[in-house]
**Student:** 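Take this structure, written in structure tokens, and hold onto it; I'll ask about it next.
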Protein chains: 2
Amino acid sequence: MIDKPELDKRKAFILATVVYEYINTAEPVGSGTLAQKYNLGVSSATIRNEMAELEAGGYLVQPHTSAGRVPSDAGYRTYVDRLMTPESLTKDDSRRIRGQFRDASRELTDVIEQTTRLLSGLSGNLAIAIAPSRDTHAFKHVQLLWLSARTSLAVVVTSAGVAAQRVFEWQSDVDADTLTRLSNALNSRLGGRIMEDVSPAELEGTCDEIGATREMRDAVRAIFAQSRQTEEPDLAASGAQNLLDQPEFHDLRKLRAILRIVEEQRTLYDLIADELAPDAQRPGPSQPHVRIGHELGPEALSECSVVTMPYRFGDRGVGVLAILGPRRMPYGRLIALASETARSLGDHLNDVEIR
Amino acid sequence: MIDKPELDKRKAFILATVVYEYINTAEPVGSGTLAQKYNLGVSSATIRNEMAELEAGGYLVQPHTSAGRVPSDAGYRTYVDRLMTPESLTKDDSRRIRGQFRDASRELTDVIEQTTRLLSGLSGNLAIAIAPSRDTHAFKHVQLLWLSARTSLAVVVTSAGVAAQRVFEWQSDVDADTLTRLSNALNSRLGGRIMEDVSPAELEGTCDEIGATREMRDAVRAIFAQSRQTEEPDLAASGAQNLLDQPEFHDLRKLRAILRIVEEQRTLYDLIADELAPDAQRPGPSQPHVRIGHELGPEALSECSVVTMPYRFGDRGVGVLAILGPRRMPYGRLIALASETARSLGDHLNDVEIR
DNA sequence: GTTTGGCACTCCACTGTGCTGACTGCTAAA
DNA sequence: TTTAGCAGTCAGCACAGTGGAGTGCCAAAC
């Protein structure tokens, strides 16, 4: 990508104003409107000339010859990176966010889902949340419970709550005492460790220590594997119907394509999970990111933008909040919303963390 | 409601054909089309007369003077109750349903969600599932686990798997032995009982037996209350984007109203939960039900129909599957799909039930 | 009594036309 | 470099005209 020519002050101001006006009205912005509504100190003809140059530079596009201008991906990008003034939340928004987490559930999946509801309600767009990978939770406790001679229940508790439970049917009788000894051995060896650091070899070693059968060894491996990973990405989305309000999605074909992606969680996950890896390594506070139109990849989302904001849980756990909407979204407000919600969510998770 | 006049054979056949044709084409059906495509043995003029009478009887309506006819709620109702021939599933559908449950999760909420995905995929409509109320599960096991001197974890296991877990922070030190004795006492007193039959007095009695503190009594009550009920109805829905394909929902206002109801789970639950109560009492196999247009209640759903089918879990647990779509839905096929899926789901739940 | 062909009538959906208004680019003067 | 003025472009809208699908009714046929 070639560097865009630098924008002089007036061009920058005009671009910012076009984006601002278009975000508010959803109508192509003409030179006349600009001269009238905003005090630029120059005539519409001058603005016209500037806008022509902004179009040549790739910041604006014209839907048709005799229409006003609309920002391009590059126009939005410049706006977000350099022209936009950061916003802070209204008192009311802050209060609603705090209120939501004050009496939120302790259950990770419930919290994640409630957070997407909150965020979609406040933002008027589609909200998505990815739960922190279980690999990064700390192991707290495992208990093998005796239910009957040939059945038992295994429960694994991590710092984020119960990660997995599973019923086993044994081939041969098992007594409660063996289960307790095995539980104790595993607890003393693994307590406090991060799940992804626990190796299968270590599990087997612990089993051998108390003379567990081969069958039990397999069972222990299975239950640990299950508590580390889920088959489907752990993700929630809500507020899809908000998109119906946006004039750009009145075309049903486009809307379908988008909703298909949302329903098919895998694609949605891949879209946002990019934010996980870099943030987990980078030290310091997390940063919101904005991805605009074609930057997102899928053609179906070429008229959408996404604001993402990682949140932290414990030392290692990282999840992501995201807001998906039309490119014509109020970036400042949504960034502020996502940031504050991510912060509150992280705080809440740390509060309810099992220590 | 006044009884409709009986339909003679020919009227019945014409009504059935109009409904059938309209379901397939989504276009108002005219007398000419009927005479041409279906072998009625009479001319279009005769059909015209019959259709006029069917309209007078309230079975058909005309969108405008020079258009064909469209079924009314009463027309669909008659079709579903008396005219339609029951369908059975294709080999392929049956295979997909069986395949889905062969390696389905043991986790109740996962199964419920996967079932809605399956059903929305097969039916091409919106699928909804309500999980059986936890009140009807059988109590299996409770374990109070010692995590540290002042924190412990309680896990309640019911016949459908883990129902609740909760971390307690105690005001004063608690030792592992007390927790174990309390767990044992609760288990021996309550094992196998249905959750809704367990009274708070009984819980308190058991606590007193082993000399538990007031604080622990409250904790036990809380964990049992939590395992019986969830705040939100336990419900899953998927396939909303299927509705976009239906021509009747190309009107965005109508679509919005419907999606709003779907997102707001409470209304959706109330809509379908009616099916729970009567079926739980009635002996014998469950029956599918169809509710059409205004029968559903909410004005927003006046152009929709819902097929519901209860499924059973254990002796008492009853949940419901539902398919929501336009009134112009292939009732025979959807009833067969819902029935077969409900049966498979019930079987699966009973297979994975903890005994 | 029922059925049928014929006919006049109705009304939606579509098409083409012309108009309006918003906006542009360009040019020449300030 | 800025501005006023002007001609040109094009979407969107209102309007009228047309075609066609379908109806209701009536009189003749069965």
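Letters A, B, ... are given to chains in the order of the sequence lines, protein chains preceding strands, and every chain is numbered from 1.
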**Student:** For B:Thr46, which contact category applies under a 4.0 Å heavy-atom criterion: base, sugar-phosphate, or nothing?
**Tutor:**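 Counting heavy atoms under 4.0 Å across all strands, the contact made by B:Thr46 includes a base.
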**Student:** Report yes if at least one side-chain N or O of A:Arg48 is closer than 4.0 Å to OP1 or OP2 of C:dT27; otherwise report no.
**Tutor:**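 Answer no for this pair, as no side-chain N or O of A:Arg48 is under 4.0 Å from OP1 or OP2.
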**Student:** For atom OH of B:Tyr38, is the number of surrounding heavy atoms from other residues, nucleotides or ligands below 6.0 Å larger than 12?
**Tutor:**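 Counting other residues, nucleotides and ligands, OH of B:Tyr38 exceeds 12 neighbours.
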**Student:** Of the options C:dC12, C:dC23, C:dT24, whose atoms approach the side-chain atoms of A:Arg69 most closely?
**Tutor:**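 Among the listed nucleotides, the one closest to the side chain of A:Arg69 is C:dT24.
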**Student:** Which whole-number value in Å describes the distance from A:Gln62 CD to D:dC10 P?
**Tutor:**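 Rounded to whole Å, this separation is 11 Å.
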**Student:** Nearest heavy-atom pair of A:Leu244 and A:His250: which atoms, and what distance?
**Tutor:**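 Between these two residues, the closest heavy atoms are O-NE2, 3.5 Å.
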**Student:** If you look at every strand shown and take non-hydrogen atoms under 4.0 Å, does A:Ala67 touch a base, only sugar-phosphate, or nothing?
**Tutor:**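 Touches sugar-phosphate only.
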**Student:** Go through the N and O atoms of the side chain of B:Ser66 and the base of C:dC11, and report whether any donor-acceptor pair is under 3.5 Å.
**Tutor:**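 Side chain to base: pair found, below 3.5 Å.
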**Student:** With respect to the side chain of B:Ser43, which nucleotide from C:dG25, C:dT4, D:dC10 is positioned closest?
**Tutor:**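 Nearest listed nucleotide: C:dT4.
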**Student:** From C-beta outward on B:Val42, which listed nucleotide comes closest to its side chain: C:dT4, D:dT3, D:dT23?
**Tutor:**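 Closest of the options to the side chain of B:Val42: C:dT4.
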**Student:** When you match A:Val29 and B:Asn49 each to their closest nucleotide on DNA chain C, which lands nearer the 5' end?
**Tutor:**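 Its nearest nucleotide being more 5', the pick is B:Asn49.
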**Student:** Think A:Arg10 has a side-chain N or O under 4.0 angstrom from the OP1 or OP2 of D:dT1?
**Tutor:**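 Checking A:Arg10 against D:dT1: no side-chain N or O falls below 4.0 Å of OP1 or OP2.
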**Student:** Applying a 4.0 Å non-hydrogen cut-off, can you work out what B:Ser44 is touching in the nucleic acid: base, sugar-phosphate, or nothing?
**Tutor:**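 Counting heavy atoms under 4.0 Å across all strands, no contact is made by B:Ser44.
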**Student:** Hey, does A:Gly30 reach any base, or is it just sugar-phosphate, or nothing, if we go heavy atoms under 4.0 Å?
**Tutor:**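 Here A:Gly30 touches the backbone only, sparing every base.
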**Student:** Could you check A:Tyr269 against A:Arg266 for side-chain contact (heavy atoms from CB on, under 4.5 Å), going step by step and ending with a plain yes or no?
**Tutor:** CA-CA 5 Å; A:Tyr269 180 84; A:Arg266 192 75 234 169; 3.7 Å; yes
**Student:** Rounded to whole angstrom units, what separation is found between the CD atom of A:Glu53 and the P atom of C:dC26?
**Tutor:**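 Distance, rounded to whole Å: 12 Å.
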**Student:** Do the side chains of B:Arg69 and B:Leu54 get nearer than 4.5 Å, heavy atoms only?
**Tutor:**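 They are not in side-chain contact.
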**Student:** Side-chain N or O of B:Thr65 less than 4.0 angstrom from OP1 or OP2 on C:dC12?
**Tutor:**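 Indeed not, no polar side-chain atom of B:Thr65 lies that close.
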